[in-house]
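Notes follow once the structure below has been shown.
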Amino acid sequence: MPSSDYRRYVALGDSQTEGLGDGDDTTGLRGFADRFAGHLDAARPGLRYANLAVRGRLAGQVRAEQLGPALALRPDIATVVAGVNDVLRPRFDAAEVAGHLEAMFAALTGAGAHVATVTFPDLGRIVPLARPLVPRLTELNDRVREAAARHGVAVAETALPEAVADPRMWTTDRLHASSLGHERIAAALAHAVGLPGSDDTWTHPLPPRAAAAPGAAVAAELRWAAAFLGPWLGRRLRGRSSGDGRTAKRPDLLPFGPA
């Protein structure tokens, strides 16, 4: 199918695909999937779009809960983005996580959909306290690339540009992309699948910003740990997830527009 002729787009994933960091639950979430749908609709007006993502989901949960409904919608293009929640858990098996992703790649491409995914940025460049997780992300990214190559899945290499570490690309929790970050991910996906008018400008650095005051970085780390790390650890200890009780924001294929 020509890259400008997609008509049915289904997004599978977790909080990034749901759109956390780009809007809120009161005004509505946008996110890279909504923005990528905008690129698709611009290339061929009349797109129908569903977003099955739910925040907090592990890769195995995305596969168990979202793959069947996605296949039932018969997409001709789909995005599968999951795995970071797994990386953050004490127990992590890159082969197992990549296996869930590959199973989704295989099922969707086997049903005739063009599939796209992303690689994950180095969290250590964004959250210094997360540097011990870098080997996990590196291994997962390598496995994602290998699985994608086996199934003809397009990969947006969002892990690579230097701009990804710019704080302006992230919300204050540093785990979710900001509106600007989501915009860049959408542009990366458009480029990866070869949509007309797409290019590599999403990799370009942002304009320079004022230098931080001495000691500001340490203070910022302490504020981040108190505001975000502590509550996140508390949920893990209680066996809770930010997605508990939530369902997909856009479970049906609808004409592109606000969910």
Taking the side chain as every heavy atom from C-beta outward, state whether [X] and [Y] have any atom pair closer than 4.5 Å.
X	Y	answer
F120	T158	no
T247	V54	no
L29	R55	yes
L67	L108	yes
F105	T117	yes
V87	L140	yes
Y49	L40	no

Check your understanding: D22 pairs by side-chain hydrogen bond (donor to acceptor under 3.5 Å, both in side chains) with which of Q16, H176, R30, R35?
Key ->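 Between D22 and the candidates, side-chain hydrogen bond (donor to acceptor under 3.5 Å, both in side chains) is satisfied uniquely by R35.
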
Given side chain to side chain contact (heavy atoms under 4.5 Å, CB included), test L133 with L88 step by step and report yes or no. CA-CA 8 Å; L133 300 178; L88 298 173; 3.6 Å; yes

May I ask you to decide if [Y]'s main-chain N or O and [X]'s side chain share a donor-acceptor pair within less than 3.5 Å?
X	Y	answer
S178	M169	yes
R8	R74	yes
D199	T201	yes
R48	L253	yes
K249	E18	yes
N141	T119	no
H151	A103	no
R184	W202	yes
D41	G46	yes

Can you give me the closest heavy-atom contact between [X] and [Y], atom names plus distance?
X	Y	result
G56	D14	N-CB, 4.5 Å
A248	N51	CB-O, 3.5 Å
L20	H182	O-NE2, 2.8 Å
G23	S179	N-OG, 4.4 Å
A154	V193	CB-CG1, 4.1 Å
L73	P251	CD1-O, 3.8 Å

What's the separation between atom [atom1] in [X] and atom [atom2] in [Y], rounded to the nearest 0.5 Å?
X	Y	atom1	atom2	result
R57	N85	CZ	CG	10.0 Å
L180	T171	CG	OG1	12.0 Å
T203	L160	OG1	CG	10.0 Å
L137	D142	CG	CG	11.0 Å

Solution key, residues 121-129 side-chain donor-acceptor pairs under 3.5 Å, sequence neighbours excluded:
{"unit_1": "D122", "atom_1": "OD1", "unit_2": "G124", "atom_2": "N", "d": "2.8"}
{"unit_1": "R125", "atom_1": "NH2", "unit_2": "E162", "atom_2": "O", "d": "3.3"}
{"unit_1": "R125", "atom_1": "NH2", "unit_2": "E162", "atom_2": "OE1", "d": "3.4"}

Only pairs under 3.5 Å count here: list side-chain donor-acceptor contacts from residues 92-99, not counting sequence neighbours, and write none if there are none.
{"unit_1": "D93", "atom_1": "OD1", "unit_2": "A95", "atom_2": "N", "d": "3.0"}
{"unit_1": "D93", "atom_1": "OD1", "unit_2": "E96", "atom_2": "N", "d": "3.1"}
{"unit_1": "E96", "atom_1": "OE1", "unit_2": "R91", "atom_2": "NH2", "d": "3.1"}

Hydrophobic clusters here meaning ILVMFWY residues chained together by side-chain heavy-atom distances under 4.5 Å, can you tell me if [X] and [Y] are in one?
X	Y	result
L52	L58	no
L195	Y9	yes
V155	V164	no

Chi angles and distances behind the side chain to side chain contact (heavy atoms under 4.5 Å, CB included) call for F36, I185
CA-CA 8 Å; F36 180 51; I185 297 168; over 6 Å; no

Exercise. Quickly, which of E157, E102, E139 forms a salt bridge (charged side-chain N to carboxylate O under 4.0 Å, His left out) with R145? Name it, please.
Key: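 The salt bridge (charged side-chain N to carboxylate O under 4.0 Å, His left out) with R145 is passed solely by E157 among E157, E102, E139.
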
